[in-house]
Amino acid sequence: MEFMRKPSIYWVFVSVVIFAHVSNGFYLPGSYMHTYSNGDPIYAKVNSLTSIETELPFSYYSLPYCKPLGGIKKSAENLGELLMGDQIDNSPYRFRMNVNESIYLCTTTPLNEHEVKLLKQRTHDLYQVNMILDNLPVMRYATQNGVKIQWTGFPVGYTPPDGSADYIINHLKFTVFIHEYEGSGIEIIGTGEEGLGVISEADKKKASGYEIVGFQVVPCSIKYDPEVMTKLHTYDNVSSINCPNELDKYQLIREQERISFTYEVEFVKSDVRWPSRWDAYLKMEGSRVHWFSILNSLMVILFLAGIVFVIFLRTVRRDLTRYEELDKEAQAQMNEELSGWKLVVGDVFREPECSKLLCIMVGDGVQILGMAGVTIVFAALGFMSPASRGMLLTGMIILYLIQGIVAGYVSVRLWRTIKGTSEEWRSISWLAACFFPGIAFVILTVLNFILWSSHSTGAIPISLYFELFFLWFCISVPLTLIGGFLGTKAQPIEYPVRTNQIPREIPSRKYPSWLLVLGAGTLPFGTLFIELFFILSSIWLGRFYYVFGFLLVVLLLLVIVCAEVSVVLTYMHLCVEDWRWWWKAFFASGSVALYVFLYSINYLVFDLQSLSGPVSATLYLGYSLLMAVAIMLSTGTIGFLMSFYFVHYLFSSVKID
């Protein structure tokens, strides 16, 4: 799930080019162009095989494909790519700029039983080959029910509707779209997507060449005569062939069969310029419906929340005005006659149950919320380019580590406010540093054992486990401890009223208060469920998600609604003399996570019907549970902090004898 906002990237690019006239400059990784001259060799790369049916990625060379002459070489991968299961390798597919040709690659040895079984299984599971050229994923178009559908990648094989046999894709017809580029006064030096592009002043030279702006493929299955094909050598020219329509001309997958692989490439000039080359990938079908649905939902939610908030403000203001206009005797008489939030003045700041856990969860919630907010802002500004694979996830991890100092500070300061002492601040800081990462570690370890048992490239290597532990204990934990130490130096928040020694009895209610708390999560859920659908589709159906600007608006609206809902419910509980508002304020907004998880199950049942097998379902539910926990901590923290501020303000505004 990597993405780009085209206008922002475009203006960044233009600014850097202009700036290059007076100094050297750098592009963001993956966001600069590479120019080629006629005849320049260009090698395609291959990523992991993926399927929307299993969600288990596998290595490209786990199948009997042709291997590069110089051996398989893995590309340098960042932390995000490794966690996402990407495994980018070199491939034997070689193109020469502006040279249209048809090429022979290799002929396999006779297929054995294991290779046939593997090829058939990958074909039945609808696995796709993901190929990359100049950092652009290959695209193909297919027609289903008269509708033209765009896909990235091409299938491993083909099974006809009757399921009588399986055929392998062994001939690829590539179309490379190029744009002629003419530059003046600059020279572009780069190494593709592996490094940084450097723009330097040229000595009165004029750099020109071709930019790759599109990469498409038409996959075919063609039965060749192995006796004829084995006489050829790699990269020998062969005759161009049209894709056959008859099944008897397809290449069968069966034992002792020798499969020959060929490809042809055609270069086509395009008017599309380099900054716009990702537009074809980022187009969303039905975008008008997408925007209308989200805007309509947000307007309704904002309108309802506004009405509730206005009514609530008027009610509280009227209560405060009536209460403060009375003299002391009248106030005392009013307290005896009336019930409501004014009667819990001596209990409202009583220490809640499991106060240490509450402090830890609020600290972790602030950390997650800060990470999400900064990440979405950077993505909305165009820094999360789809060309930079893994950048989004890598950036999220780095930001989460840095936010550890905030988590420690908030947890310890809240602890000091509740307890009135700095004792056990180290314990609080340690637990804040380990609570959510510990939950994530347990879930990911269980899922990783499942991936290991399936020999999937999505499994986290042991070396990466050690790297994550290093980041956790050598960066996150020390920063959290530093934040906790700063929290001990900060002044605790002083309560405006004293707490009675004997707790006040809470009147009995006809229905459990937790029902109201759980029901309150429906309002925040209404602000994000449509956007959640597109995010889940981008993760599990391989679609690009790029509307980060609007996601930022949704996040801001979610924060507002969570705060309003939690404050309203806190006020309602205080009005019925229920002074145990701490945890209820947290879960009033945090309960949205329950609906997110239930919606994820609904999405699995009704929208991911192609997902097959208990392994795939377990992986999906595991990742959904982790997402729900993160949402609960962040939204619950919003509601709790706003309710704490409200209760503090409310009781500091009352005249207390």
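Heads up: numbering here begins at 1 and tracks the sequence. Side chains are part of it too, since the values below use all heavy atoms of this structure and drop only hydrogens, waters and symmetry mates.
- Annotation: side chain of V565 is in contact with side chain of P524 (closest heavy-atom distance under 4.5 Å).
- Although no hydrogens or angles enter the test, the distance criterion places no donor-acceptor pair under 3.5 Å between the side chain of H648 and the main chain of F644.
- Going from atom CD of E531 over to atom CG of L558 covers 11.5 Å, rounded to the nearest 0.5 Å.
- The minimum heavy-atom distance between I428 and I360, with the atom names listed, is O-CG1, 4.2 Å.
- When side chains are defined from C-beta on, V592 does not count as touching T527, because their heavy atoms never get closer than 4.5 Å.
- To the nearest 0.5 angstrom, L598 atom CG is 4.5 Å from L594 atom CG.
- Within a 6.0 Å radius of CH2 in W472, more than 12 heavy atoms belonging to other residues, nucleotides or ligands are found.
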Under 3.5 Å, side-chain donor or acceptor atoms of residues 408-419 against the rest of the protein: list the pairs with distances, not counting sequence neighbours.
residue, atom, partner, partner atom, Å
Y409, OH, R413, NH1, 3.4
S411, OG, C359, O, 3.1
S411, OG, A407, O, 2.9
R413, NE, Q491, O, 2.9
R413, NH2, Q491, O, 2.7
W415, NE1, E423, O, 2.8
R416, NE, S422, OG, 2.9
R416, NH1, T488, O, 2.6
R416, NH1, A490, O, 2.4
T417, OG1, R413, O, 2.9
T417, OG1, I493, N, 3.2
K419, NZ, E351, OE1, 3.4
K419, NZ, E351, OE2, 3.0

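- The two residues L555 and G373 make their nearest non-hydrogen contact at CD2-CA, 3.8 Å.
- The aromatic rings of Y645 and Y649 lie parallel to each other, with less than 30° between the two planes, well short of the 60° mark.
- At a threshold of 4.5 Å between non-hydrogen side-chain atoms, the residues V374 and I402 do not count as touching.
- For the pair L641 and V366, the minimum side-chain heavy-atom distance is below 4.5 Å.
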Return all side-chain donor-acceptor pairs below 3.5 angstrom for residues 436-447, not counting sequence neighbours, or 'none' if the list is empty.
residue, atom, partner, partner atom, Å
T445, OG1, F441, O, 2.6
T445, OG1, Y465, OH, 3.2

Legend entry - Stepwise side chain to side chain contact (heavy atoms under 4.5 Å, CB included) check, L574 with V647: CA-CA 9 Å; L574 293 178; V647 173; 4.2 Å; yes

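- Considering every non-hydrogen atom in both R350 and W582, the closest pair reads O-NE1, 3.1 Å.
- Closest approach of A563 to I638, counting heavy atoms only: N-CG2, 4.0 Å.
- Using a 4.5 Å heavy-atom threshold, the side chains of I52 and W540 count as separate.
- The pair R580-D347 does not count as a salt bridge, with every side-chain nitrogen at least 4.0 angstrom from each carboxylate oxygen.
- With values rounded to the nearest 0.5 angstrom, I460 atom CD1 is found 8.0 Å from L451 atom CG.
- A donor-acceptor pair under 3.5 Å links the side-chain atoms of S591 to the main chain of V517, judged by distance alone.
- The ring-ring contact (aromatic ring centres under 6.0 Å, His included) check on F587 picks up W583, with sequence neighbours excluded.
- Closest heavy-atom contact between G458 and N448: O-OD1, 4.2 Å.
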Legend entry - Residue pair K356, S427: steps toward the side chain to side chain contact (heavy atoms under 4.5 Å, CB included) verdict: CA-CA 9 Å; K356 180 179 286 189; S427 172; 3.6 Å; yes

Inset, instruction - Before giving the answer on side chain to side chain contact (heavy atoms under 4.5 Å, CB included), spell out for I535 and L551 the whole-Å C-alpha distance, their side-chain angles and the decisive distance to 0.1 Å. - result: CA-CA 10 Å; I535 293 174; L551 183 60; 4.1 Å; yes

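- Of the N and O atoms on the side chains of Y603 and S537, at least one donor lies less than 3.5 Å from an acceptor on the other residue.
- Applying the side chain to side chain donor-acceptor pair (under 3.5 Å) criterion to R426, with sequence neighbours excluded, gives no partner residue.
- Side-chain atoms of L56 and V615, non-hydrogen and from C-beta on, do get closer than 4.5 Å to each other.
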Legend entry - Test side chain to side chain donor-acceptor pair (under 3.5 Å) applied to S643 and S566, step by step: CA-CA 6 Å; S643 292; S566 185; 2.7 Å; yes

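- Distance check, rounded to the nearest 0.5 Å: CG of L401 to CE of M371 gives 10.5 Å.
- If you check the side chains of S589 and T635, you find no donor sitting under 3.5 Å from an acceptor.
- Residues L358 and C354 fail the side-chain proximity criterion, which asks for heavy atoms closer than 4.5 Å.
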Inset, instruction - Start with the C-alpha distance between T570 and K584, add both sets of side-chain angles, then the distance that settles side chain to side chain contact (heavy atoms under 4.5 Å, CB included), and finish with yes or no. - result: CA-CA 7 Å; T570 299; K584 293 170 184 176; over 6 Å; no

Show me the donor-acceptor pairs within less than 3.5 Å that the side chains of residues 618-632 make with the rest of the protein, sequence neighbours left out.
residue, atom, partner, partner atom, Å
T618, OG1, P614, O, 2.7
Y620, OH, S600, O, 2.5
S624, OG, Y620, O, 2.8

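- By the ring-ring contact (aromatic ring centres under 6.0 Å, His included) test, F435 pairs with no residue at all, sequence neighbours left out.
- At distances below 3.5 Å, at least one donor-acceptor pair connects side-chain atoms of S616 with backbone N or O atoms of T54.
- Annotation: side chain of F586 is in contact with side chain of T637 (closest heavy-atom distance under 4.5 Å).
- Residue A432 comes nearest to D364 through the heavy atom pair O-OD1, 2.5 Å, listed as atom of the first residue, atom of the second, then distance.
- Atom-to-atom distance recorded for L399:CG and T375:OG1 is 4.5 Å, nearest 0.5 angstrom.
- Interatomic distance, CD1 of I397 versus CD1 of I475, reported as 11.0 Å (0.5 Å rounding).
- Between F349 and Y495, the ring centre distance stays below 6.0 Å.
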